[in-house]
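A quick write-up on the structure given underneath.
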Amino acid sequence: MSPATLFKNGRVFLSGVKPGTNAGLHRPPTFSECILIRDDKIEHVGSFDDEAVSSALAAEPSITVHDLAGKTVLPGFVDGHMHLMLLGQALNKLDLGKCKNLNDIRSALKKYAEAYPDMPRILARGYMHIMVPGGAKAADLDDLDPTGKNRPILIDSKDLHSTWCNTAGIKELGAESWPDVPGGIIERDADGKLTGIFSEAANITYVWPYLASVASVEERIAAIRSAVKAYHESGYTGMIDMAMDEGAWDAVQALIKADGSIPMRIAAYWLIKPLKTKAETVAQVDRAIELAEQYNASTTPDCRIVGIKVICDGIIDACTAGLSEPYAHNQHVEVPLWTHEQLQPVVQRATEGGLQIALHAIGDATITMVVDILSDFADPEKRPRCEHIELSSEKDATRLGAKRITASIQPVHADPAILKAWPRLLGEHRCERAFAYREFADKGAPLALGSDAPTAPHTPLGNIYVGTTRRSYREPELQTTVNPHFALGLCEAVAAATEGAAYSCFDDHRIGVLQKGHKADFVVVDMEWEKEKLMDAKVTETWYNGAKVSSA
């Protein structure tokens, strides 16, 4: 028998909040005081006086005992929506998230270019459209390279829906010859000249693959290692990748071949792009089905293809989300990235192939279309999911629960620090419907919490803080709250970030809850069980498969 490890004198969280359960705002937590693990499994959770504990101590005098000194033990967090390769690469890009305006951006880029004169191109992330009210342009970035090499500059928007390039970047990408793609935006000025902004399907179809092609396999492997390390430090033991493609999957497999395994449970959704013909588009689904037949819960349970992901609209800040009313500031109604007719055969083919369906929908018109599609053509037993759901109607919130569609939400996107443009873009009346998480829970939709990293901070405790307080994690001094009547309770938010996320990808039979027989994936946190004090909580240890993978 392998040696056991006992953790005592702690507060071991017992969820009891099953996905789809309305736990409410004020449900009190339930804790046990110790947890006993052996190999990669949990052997017992309960009291120090339980027979299972005393028997183990009697049989194994040298048993390893950890005194938790009152700290809290939570299930290992599972990020319900993130982007593994993009996160790993973003960790090595210049972060412009603290910039306020174009001058700040230019200053940061110039300093970075000077500090790294040998980089072949300058890669940055985190710009927001409100930082450049007049519209970002290539010329804004053309005089920032002090080396005189005129290196390409490519900047990811905070939401990853757009890339902003300088003129050298446009040239390196070969963008002048790019034909328009369905659902894509290649911005041009009044004279037809490229502005350097590529959004939505144009970004996914052209820019992402190019950046992947100039990154070596070694660089992509290093990016994944960086992402996994950062996630361990934050308390994650699982992640759900929502934009898997060939380049990222090849790198994941190369890393597994090199190291034997990745100490992280990875469930991936294959990204489906809108191509010119129905046959071309559906062929991407067939590729996902092919991979899922090889990499699944039976063959490779810790790194598998579970479904497809379709980005059905854009975002509100870029005015590309699909709304039922025109945008307030310009009266525009945006064309959806996918129509009902385009989406239906994709969902039908994925359902026939036994895949899960994950559909990105932010604006209320797109959410209605997506719920229609999932209700009519997805297999409810396959736990279909709607991603983001930022501006929904009460009717659609009710339908999510009635159809058991997982509400895959990212509270960090509800941070008031990044929503300052919404009243102007939407009008105050529509802002009152933003991030209606309380309705999703009350109507019975299973909740899965994610971060959408690297578009937002990936810390799970910060995510839960925003979801429960509706206050800012980015700017804690900010007193603004966003629709506090839509807040989640602390118990249900923690459950949604662990068991709920595991449930969303069919992994709740072995992770997400601290109970006998489940995997020994857990996190030790120095915290008080109050939502207002989550900003002070500290992850001190992360355990994966019964082994400590991170220690503060």
Side-chain angles (χ1 to χ4, degrees), residues 77 79-83 86-87 90-91 93-105 107-109 124-133 155-162 164 227 230-231 233-236 315-318 321 362 388-391 409-426 431 434-435 437 449-484 486-488 490 493-494 496-497 525 527 530-539:
F77 289 106
D79 194 331
H81 181 126
M82 57 83 67
H83 307 282
L86 294 173
L87 171 63
L91 292 172
K93 294 181 180 181
L94 170 64
D95 185 3
L96 302 175
K98 293 185 178 180
C99 294
K100 302 295 184 184
N101 50 46
L102 179 59
N103 286 337
D104 290 349
I105 291 171
S107 176
L109 286 167
R125 62 184 172 100
Y127 95 88
M128 296 177 65
H129 300 276
I130 58 173
M131 295 175 182
V132 193
I155 309 173
D156 298 328
S157 61
K158 182 189 73 66
D159 47 66
L160 295 182
H161 283 247
S162 301
W164 173 18
Y231 263 47
E233 291 170 352
S234 293
Y236 289 106
I315 61 162
I316 288 167
D317 292 273
I362 284 179
H388 305 307
I389 332 177
E390 294 188 3
L391 195 70
I409 55 178
Q410 300 77 45
V412 274
H413 288 329
D415 191 309
I418 61 171
L419 302 179
K420 295 170 184 176
W422 279 40
R424 180 178 66 87
L425 301 177
L426 297 175
C431 289
F435 307 100
Y437 302 157
L449 254 65
S451 71
D452 202 15
T455 73
H458 58 261
T459 168
L461 296 173
N463 205 1
I464 293 168
Y465 174 80
V466 179
T468 55
T469 67
R470 307 291 286 207
R471 291 186 56 182
S472 178
Y473 170 76
R474 288 176 172 84
E475 299 178 18
E477 69 282 359
L478 196 63
Q479 296 300 307
T480 309
T481 57
V482 177
N483 297 337
F486 287 148
L488 297 174
L490 185 50
V494 171
V525 187
M527 66 180 293
E530 293 182 36
K531 62 184 181 182
E532 293 84 2
K533 296 185 177 181
L534 285 172
M535 293 288 285
D536 300 321
K538 304 294 183 185
V539 172

Indicate the atoms forming the closest heavy-atom contact of [X] with [Y], along with that distance.
{"X": "Pro476", "Y": "Met535", "result": "CG-CE, 3.3 Å"}
{"X": "Ala493", "Y": "Ile464", "result": "CB-CG2, 3.9 Å"}
{"X": "Ala434", "Y": "Asn483", "result": "O-ND2, 3.1 Å"}
{"X": "Ile130", "Y": "Ala421", "result": "CG2-CB, 3.3 Å"}

Taking the side chain as every heavy atom from C-beta outward, state whether [X] and [Y] have any pair of such atoms under 4.5 Å apart.
{"X": "Phe435", "Y": "Val466", "answer": "no"}
{"X": "Ser234", "Y": "Phe77", "answer": "no"}
{"X": "Thr469", "Y": "Leu534", "answer": "no"}
{"X": "Tyr473", "Y": "Pro411", "answer": "no"}

Give a yes or no on whether the backbone of [Y] and the side-chain of [X] come within a donor-acceptor separation of less than 3.5 Å.
{"X": "Arg471", "Y": "Gln479", "value": "no"}
{"X": "Asp95", "Y": "Gly126", "value": "no"}
{"X": "Arg470", "Y": "Pro416", "value": "no"}

Go through the side-chain N and O atoms of [X] and [Y] and say whether any donor and acceptor fall under 3.5 Å apart.
{"X": "Ser451", "Y": "Asp79", "value": "yes"}
{"X": "His458", "Y": "Asn463", "value": "no"}
{"X": "Ser472", "Y": "Asp415", "value": "yes"}

As an exercise, state the distance from [atom1] of [X] to [atom2] of [Y], rounded to the nearest 0.5 Å.
{"X": "Leu391", "Y": "Cys431", "atom1": "CG", "atom2": "SG", "answer": "8.0 Å"}
{"X": "Gln410", "Y": "Tyr437", "atom1": "CD", "atom2": "OH", "answer": "6.5 Å"}
{"X": "Asp536", "Y": "Met527", "atom1": "CG", "atom2": "CE", "answer": "10.5 Å"}
{"X": "Thr455", "Y": "Met82", "atom1": "OG1", "atom2": "CE", "answer": "10.5 Å"}
{"X": "His81", "Y": "His413", "atom1": "NE2", "atom2": "NE2", "answer": "6.5 Å"}
{"X": "Lys158", "Y": "His129", "atom1": "NZ", "atom2": "NE2", "answer": "9.5 Å"}

Check: Does the side chain to side chain contact (heavy atoms under 4.5 Å, CB included) test come out yes or no for Ile316 and Trp422, once each step is laid out?
Finding: CA-CA 8 Å; Ile316 288 167; Trp422 279 40; 3.4 Å; yes

Item checked: Passing option when His388 is tested against Ile409, Ile362, Ile315 for side chain to side chain contact (heavy atoms under 4.5 Å, CB included) -> Ile362

Checklist line | Residue among Arg125, His161, Lys93 satisfying side-chain hydrogen bond (donor to acceptor under 3.5 Å, both in side chains) with Asp156 | finding: Lys93

Notebook entry, point to check: Given the rule in the side chain to side chain contact (heavy atoms under 4.5 Å, CB included) test, do Thr480 and Leu419 qualify, once you have shown the distances and angles that lead to the verdict?
Noted result: CA-CA 10 Å; Thr480 309; Leu419 302 179; over 6 Å; no

Next item on the list: Mind running side chain to side chain contact (heavy atoms under 4.5 Å, CB included) on Asp452 and Val412 for me, showing each step along the way?
Entry: CA-CA 9 Å; Asp452 202 15; Val412 274; 5.9 Å; no

